[in-house]
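Hydrogens, waters and symmetry mates are skipped; everything else that's a heavy atom, side chains included, is used.
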Amino acid sequence: QVVDWIAQGIFGTVAVMDGHQQAQERVSSPALVWLRKVILAANDAGDLNRALTATDLHGLCDGNDIEIPGLRPGADEDKGKRVIGSVMARLFRDREAVEVDDYTVTREEKYVARETASDGGNFKSKTYTVTRR
C-alpha cells in the first residue's frame, strides 16, 4: 500500500497492482491462457476488429501451434472447432465481453442460411471480435 501511494501520489503513475487481479485470474484458467495466445496471434495476423468464427480461431491455433485446451492430440479439425466453441461458451457464460490485457473480445450471435440445405434452413452462428482498448 505504501509503494502504491508513493507511485500514485509522488510520481503520478497508475496503481502498482493495476491489472494484478485480472492476471491472477488468467493464469489460473487454461481457457484464458489459451484465449490470450489466440488474441496475440489475431493481432499479429491483422485480424483485430474482424468477426472471427470458430473456424477462424482454429486456423489461428493451427498456424501458430497454439494448443486448444481439452482437445486430444490427433483430433480432426471438426472436433477442434467444436472444442473451441465449448471453450468460448464457458468463457462467455455470464458476460458479454472478455478482457485480456489491453484487448476485449466480444461475442455476437446471428442466424446464417445454410449453404447445403435445400429448404433454406438457418443456423445460429457465433462470431468473436477482438479489439484493442
To the nearest 0.5 Å, atom CH2 of Trp34 lies from atom CG of Leu57 at 5.5 Å
Residues Asn122 and Ala113: closest non-hydrogen pair is OD1-CA, 3.2 Å
Where do Arg132 and Tyr103 land on the side chain to side chain donor-acceptor pair (under 3.5 Å) test, with the steps shown first?
CA-CA 4 Å; Arg132 191 170 196 144; Tyr103 299 90; 3.0 Å; yes
If we only count heavy atoms from C-beta on, is the Val87 to Leu71 side-chain gap below 4.5 Å?
no
Where Asp56 and Ala51 come nearest, the two heavy atoms and their spacing
OD2-O, 3.9 Å
Is any side-chain heavy atom of Ser86 closer than 4.5 Å to a side-chain heavy atom of Arg82?
no
Considering only heavy atoms from C-beta outward, does the side chain of Thr129 approach that of Glu108 to under 4.5 Å?
no
Taking the side chain as C-beta and beyond, is there a heavy-atom pair between His58 and Ile68 under 4.5 Å?
yes
Val105 vs Val100 side-chain heavy atoms within contact, under 4.5 Å:
no
Is the closest basic N to carboxylate O distance between Lys81 and Asp78 below 4.0 Å?
yes
Step by step, would you call Lys37 with Leu60 a side chain to side chain contact (heavy atoms under 4.5 Å, CB included)?
CA-CA 9 Å; Lys37 291 177 183 178; Leu60 284 170; over 6 Å; no
Within-4.5 Å side-chain heavy-atom neighbours: Thr127 and Arg50:
no
Nearest non-hydrogen partners of Val83 and Gly70, listed with the distance
CG1-C, 4.2 Å
